[in-house]
Amino acid sequence: MKEIIEKHKDRLIAKGCSPERAEDIVHRLVRVLEPFVDAAWGLHSAQLARDSLVEKFHTKARACANLGTKSEQLSIGGPAVPAAD
C-alpha cells in the first residue's frame, strides 16, 4: 500500500503540487475510498465466523494450558480441588 501511495504522490508532485499538498490529497482519497473497498472486498461472513471459532479454540486451549487441565474438564464446573478444612 505504501508503494501505491508514493506512486500517486509522485504523480501529483510531477503535476505541480507541493509534496505536503500531494501527501494530503492522497491520504484524504485513501480515507474516502477505504470504506468502499472494504465493503466490496472485505471479509466474508464465513471468514469472520471461522476467525471467531479459531479465537474461541485458542482461548480455551490457553486456559487449559494455564490450568494444566484438559478441555473436557472445563465444562464440569465446580472447584478444581477440594476445599481445605
Student: Atom SG in Cys17, atom CG in Asp10: separation rounded to 0.5 Å?
Tutor: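 It is 12.0 Å, given to the nearest 0.5 Å.
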Student: Roughly how far, to the nearest 0.5 Å, is CD1 of Ile13 from CD of Glu20?
Tutor: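 Here the interatomic distance stands at 8.5 Å.
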Student: Which side-chain N or O atoms in residues 21-34 pair as donor and acceptor under 3.5 Å with protein atoms at least two apart or in another chain?
Tutor:
unit_1	atom_1	unit_2	atom_2	d
Asp24	OD1	Arg28	NE	3.1
Asp24	OD2	Arg28	NE	3.0
Arg31	NE	His27	O	3.4

